[in-house]
J.: 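One structure, pasted below without further comment.
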Amino acid sequence: MTALGCVADDYTGGTDVAAALRRAGLRTVLMFGEPDPTSPLPACDAVVVALKSRTVPAAEAVDASLRTYRWLAGNGVRRTYFKYCSTFDSTDSGNIGPVTDALLDATGTAMTVVCPASPEHGRTTYLGHLFVGDVLLSASSMRHHPLTPMTDPNLVRVLTRQTPHPVGLLPLNTVRAGVEEIRSRLTTLASQGTRHVVVDAVTDADLDAVAEATSSLALLTGGAGLARAVGACSAASPDHDGASLPAGPGVILAGSCSAATLDQVEQARARFPSYRLDPASTPDPDDLLAKAASWLADHAGRGPVLLYSSATPDQREAAVAAMGPSTSEILERTLGSLARSAVAAGARRVVVAGGETSGAVVSALGIRTVLVTAEEDRGVPWCVSDGEVPLGLLLKSGNFGRPDLLVRAMDGAS
Ligand SMILES: Nc1ncnc2c1ncn2[C@@H]1O[C@H](COP(=O)(O)OP(=O)(O)O)[C@@H](O)[C@H]1O
Ligand SMILES: O=C(O)[C@@H](O)C(=O)COP(=O)(O)O
C-alpha cells in the first residue's frame, strides 16, 4: 500500500522531496501535473504529485491541491504531505497558508506542523526564524527572487499574513526535549485553537523526533527534510536504483537566476557551446525564440549545449524594462519550446535549472510520470520518463547543487 502521498507546489520541489523519500528507502514515483481523476496510482511506497501551484493565484493553487488530494485519498493514500520550498517561497497572498488551510479542512485535521527546515540543504529554523546557510532568509539571495522575494525571516509572521487562523511556534528547546514533549505541546496548541505550528529544527535528529511525534497527523507540511524523516519512519524497502539513464545527446536549459545557478552556468559556459536568451537585446518574443532555435539547430548533435536566460538582478531589470511584465513567463515558454526542439533533434538527456522553468520544460515535453533514480547532488535526482523514447531528466532547484553540477550532469552524454 502507498504509505504517503505528497503534493509538491513546484516541479523541482517535487524532485527534491521524491529524492528524499527514495533515500529514506521508499519506492517513489513522481507525477507532473494534476493526475487524471480516473488514472490509477502506480505501484509504489510513496507518490509525489508535483504541481505548478507556487506562484499562481491562491484560489487556483487551492483548487489544484484539493483535486490532487482527493485523487490520492480516492486511491487509498491515508497520509498527505504538502511540500513547499525550504526557503518558504510565497507572497503575502499565499500560497502556503491558503493551501494548508484547504488541506486541513479536507483531511479533517485540526492542526498541522509547518516545517521547511531541511538541514541537508542548509535550511534551519530557530525560534521561527529561517536561516539559509549561516544567514537569515532575508539576508540570503532569496530577497532578490524574481517571483517570491523573501524579505521577512520570521515564519510565524510570514504565515500570519497568509491565513486568518492562529499560527503558533514549537521552539527548538521543546523539540530537543523529546517526542513526548513535542506531542504534549502540539496537543496544548491545538486545544488553544492553533491551526499552524511553525516547528524549529536544526539537525536531521530534530526532524526525526518531529516525524515520530506527529505520526498520527493525517496532514504534514514542510520541506524535503521532514519528508525524509517521515519516510524513514515507514520505510519498507532498501534503496532502489530504478532504471538506468538513457544514452544520447544532452542539453542544459537554465532559467533560474538563483546564486548557485549563476555559478553553475558560468562553469557550464566554460565547457560547452552556449546561447544566452537576452530580452534586453531581443525584446520581441518571436524573434527571441527564432534566434535561439536557429542557434540550437546549428549546434545540435555536436555534444552538450547550454541555453540560458539566467541573469543577475541588474540584467533582469534591463530585461523587464525591454520586454515588459510578462518577461518571466515568455522566457519560461521559450525554454520549453527549445527543449522540445532539442529532443526532436535527438537529445536524450535534459537538464533544467529552476523550478518554474522546469515546470515549463516538462509541460512542453508532455512528460507525466517518471521513476526517481540516483541523486547527482543532494535533492537533485535523475528521473527517467516512461514512454517509447525514455528521457533522462534532471530538474534542479535554483539554489541546489555544487558549482560543477551542470558540467557533471553531461558526463556520458554525447
Ligand atoms: N533574464 C531574465 N530576466 C527576467 N526574468 C528572468 C530571466 N531569466 C529567468 N527569469 C525568470 O526568473 C524565474 C526564475 O524562477 P525559477 O525557474 O523557479 O528559478 P528558481 O528555481 O531559481 O526559483 C523564471 O520565471 C524565469 O523565467
Ligand atoms: O525545498 C527546496 O528548497 C526545493 O525543493 C525547492 O522547492 C526549490 O524551489 P526552486 O528553487 O524554485 O526550484
Side-chain angles (χ1 to χ4, degrees), residues 6 8-21 30 48 50-56 82-90 96 115-123 130 132 137 140-142 144-150 221-228 253-262 264-265 276-283 285 288 307-336 352-362 377-381 394-401:
C6 183
D9 70 353
D10 86 342
Y11 283 19
T12 44
T15 56
D16 179 27
V17 71
L21 293 169
L30 171 60
V48 176
L51 301 177
K52 283 190 279 183
S53 54
R54 186 174 290 175
T55 56
V56 300
F82 172 36
K83 157 70 175 67
Y84 39 76
C85 192
S86 62
T87 44
F88 216 69
D89 297 16
S90 51
I96 296 174
C115 187
S118 298
E120 66 199 45
H121 299 314
R123 313 313 194 231
L130 181 54
V132 176
L137 174 66
S140 77
S141 64
M142 284 308 297
H144 296 308
H145 193 280
L147 305 172
T148 50
M150 300 303 293
T221 84
L226 180 61
R228 184 227 27 99
L253 302 139
S256 159
C257 299
S258 297
T261 302
L262 295 181
Q264 291 156 350
V265 165
R276 176 175 171 216
L277 296 161
D278 181 12
S281 59
T282 314
L288 187 78
L307 295 133
Y308 68 102
S309 67
S310 307
T312 60
D314 286 351
Q315 292 170 329
R316 272 181 0 234
E317 216 173 287
V320 175
M323 190 178 251
S326 311
T327 305
S328 293
E329 214 179 294
I330 293 166
L331 288 170
E332 289 166 24
R333 214 173 42 230
T334 305
L335 284 168
V352 191
E356 299 293 329
T357 308
S358 293
V361 167
V362 168
D377 268 340
R378 192 42 76 95
V380 191
L394 191 90
L395 308 181
K396 186 200 88 73
S397 288
N399 272 314
F400 284 6

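When a ligand or atom number is given, it counts from 1 through the structure's own listing order.
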J.: Counting each atom of ligand 2 from 1 as listed, which ones have a heavy atom of D10 under 4.0 Å away?
T.: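 Listed by number with element: 7 (O), 9 (O), 10 (P), 12 (O), 13 (O).
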J.: So, for S258 and N399, which heavy atoms are closest and what is the spacing to 0.1 Å?
T.: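 Minimum heavy-atom contact is CB-OD1, 3.4 Å.
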J.: How far apart are the closest heavy atoms of A50 and L30, and which atoms are they?
T.: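 Taking A50 first and L30 second, the nearest heavy atoms are CB-CD1, 4.1 Å.
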J.: May I ask you to identify the nearest protein heavy atom to atom 1 (O) of ligand 2, giving residue, atom name and distance to one decimal place in Å?
T.: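 The answer is S86 N, 2.8 Å.
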J.: Could you verify whether a donor N or O on one side chain and an acceptor N or O on the other, from S328 and E356, lie under 3.5 Å apart?
T.: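 No, because no side-chain N or O of S328 sits under 3.5 Å from a partner of the opposite role on E356.
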J.: If you measure every N or O of N399 against every N or O of ligand 1, does any of those distances drop under 3.5 Å?
T.: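 In fact, backbone or side chain, N399 has no N or O that close.
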J.: Among H144, R316, H145, which one satisfies side chain to side chain contact (heavy atoms under 4.5 Å, CB included) with C257?
T.: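 Only one option passes, and that is R316.
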J.: Which atoms of ligand 2 sit under 4.0 Å from any heavy atom of D16?
T.: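 Every atom of ligand 2 under 4.0 Å from some heavy atom of D16: 1 (O), 2 (C), 4 (C), 5 (O).
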J.: With a 4.0 Å cut-off on heavy atoms, is L147 in contact with ligand 1?
T.: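 The answer is yes: ligand 1 sits under 4.0 Å from a heavy atom of L147.
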J.: Does K52 use its side chain to pair, donor to acceptor, with the backbone of R54 at less than 3.5 Å?
T.: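 Here the side-chain-to-backbone pair does not exist.
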J.: Taking 4.0 Å as the limit for heavy-atom contacts, which would you say applies to A319 with ligand 1: side chain only, backbone only, both, or neither?
T.: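 Under 4.0 Å from ligand 1, A319 contributes side-chain atoms alone.
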J.: If we only count N/O pairs under 3.5 Å, is G398 in contact with ligand 1?
T.: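 Looking only at distances, the answer is yes, because the N/O contact criterion of under 3.5 Å is met.
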J.: Heavy-atom distances under 4.0 Å decide this one: backbone, side chain, both or neither, for R54 against ligand 2?
T.: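 Only the side chain of R54 comes within reach of ligand 2.
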J.: Tell me which protein heavy atom sits closest to atom 3 (N) of ligand 1, plus the residue, atom name and distance to 0.1 Å.
T.: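 Nearest neighbour among protein heavy atoms for atom 3 (N) of ligand 1, to 0.1 Å: R316 CG, 3.2 Å.
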J.: Given M323, M142, E356, E329, which one has a non-hydrogen atom that is nearest to atom 15 (O) of ligand 1?
T.: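 Selected option, by shortest heavy-atom distance: E356.
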J.: Do we see a donor-acceptor contact under 3.5 Å between the side chains of T312 and Q315?
T.: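 Yes - a donor-acceptor pair under 3.5 Å links their side chains.
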J.: Can you sort out which atoms of ligand 2 are near K83, meaning under 4.0 Å from one of its heavy atoms?
T.: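 Result: 1 (O), 2 (C), 4 (C), 5 (O), 6 (C), 7 (O).
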J.: Write out the residue and atom name of the closest protein heavy atom to atom 13 (O) of ligand 2, then the distance separating them to 0.1 Å.
T.: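 The protein heavy atom lying closest is T12 OG1, 2.5 Å.
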J.: Heavy-atom contact check, 4.0 Å cutoff: does F400 meet ligand 2?
T.: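 Checking ligand 2 against F400, which is what was asked, there is a heavy-atom contact under 4.0 Å.
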J.: Classify the side-chain pair T261/S256 by whether it contains a donor and acceptor separated by less than 3.5 Å.
T.: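 Indeed, the side chains of T261 and S256 share at least one donor-acceptor pair under 3.5 Å.
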J.: Under a 4.0 angstrom heavy-atom cut-off, which atoms of ligand 1 come close to A311?
T.: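 Once the distances to A311 are compared, the set is 1 (N).
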J.: Considering only protein heavy atoms, which is closest to atom 12 (O) of ligand 1, and at what distance to one decimal place?
T.: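 I find the closest protein heavy atom is P146 CG, 3.5 Å.
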J.: Would the distance check show the side chain of E120 and the main-chain N or O of R378 forming a donor-acceptor pair, the cut-off being under 3.5 Å?
T.: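 Between the backbone of R378 and the side chain of E120 there is no qualifying donor-acceptor contact (under 3.5 Å).
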J.: Hey, which of L394, T357, L335 is the one that makes side chain to side chain contact (heavy atoms under 4.5 Å, CB included) with V352?
T.: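 Of the listed options, the one satisfying the test is T357.
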J.: Check whether T327 reaches the backbone of G324 with its side chain - one donor and one acceptor, N or O, closer than 3.5 Å.
T.: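 The answer is yes, because a donor-acceptor pair under 3.5 Å joins these two groups.
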J.: What is the nearest protein non-hydrogen atom to atom 17 (O) of ligand 1, stated with its residue, atom name and distance?
T.: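 Checked against all protein heavy atoms, atom 17 (O) of ligand 1 sits closest to T357 OG1, 2.7 Å.
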J.: To which of C85, S258, G255, G13 does the heavy atom nearest atom 14 (C) of ligand 1 belong?
T.: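 It is G255 that holds the nearest heavy atom.
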J.: For ligand 2, which atoms have a heavy atom of G355 less than 4.0 angstrom away?
T.: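 Matching atoms, with element in brackets: 12 (O), 13 (O).
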J.: For atom 27 (O) of ligand 1, which protein heavy atom lies nearest, and how many Å away is it?
T.: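 That would be S328 O, 2.9 Å.
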J.: Which heavy atom of the protein is the closest neighbour of atom 23 (O) of ligand 1, given with residue, atom name and distance?
T.: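 Going by distance alone, atom 23 (O) of ligand 1 is nearest to H145 NE2, 2.6 Å.
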J.: Under 3.5 Å, N or O to N or O, is G355 touching ligand 1 that way?
T.: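 In this structure, G355 places an N or O atom under 3.5 Å from an N or O of ligand 1.
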J.: Among protein heavy atoms, which sits nearest to atom 24 (C) of ligand 1, and what does the distance come to when rounded to 0.1 Å?
T.: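 Ranking protein heavy atoms by distance from atom 24 (C) of ligand 1, first comes E332 OE2, 3.4 Å.
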J.: Kindly give the heavy-atom pair with the smallest separation between R123 and F400, and that separation in Å.
T.: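 Minimum heavy-atom separation between R123 and F400: NH2-CE1, 3.7 Å.
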J.: Heavy-atom contacts with G398 under 4.0 Å: which atoms of ligand 2 show up? List them by number with element.
T.: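 Every atom of ligand 2 under 4.0 Å from some heavy atom of G398: 10 (P), 11 (O), 13 (O).
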J.: How far is atom 8 (C) of ligand 2 from its nearest protein heavy atom, and which residue and atom is that?
T.: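 Here the closest protein heavy atom is S397 OG, 3.2 Å.
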J.: Provide, to 0.1 Å, the distance between atom 6 (C) of ligand 1 and the closest protein heavy atom, together with that atom's residue and name.
T.: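 Protein heavy atom with the smallest distance to atom 6 (C) of ligand 1: L331 CD1, 3.5 Å.
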J.: For atom 1 (N) of ligand 1, which protein heavy atom lies nearest, and how many Å away is it?
T.: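 Answer, as residue, atom name and distance: S309 O, 3.0 Å.
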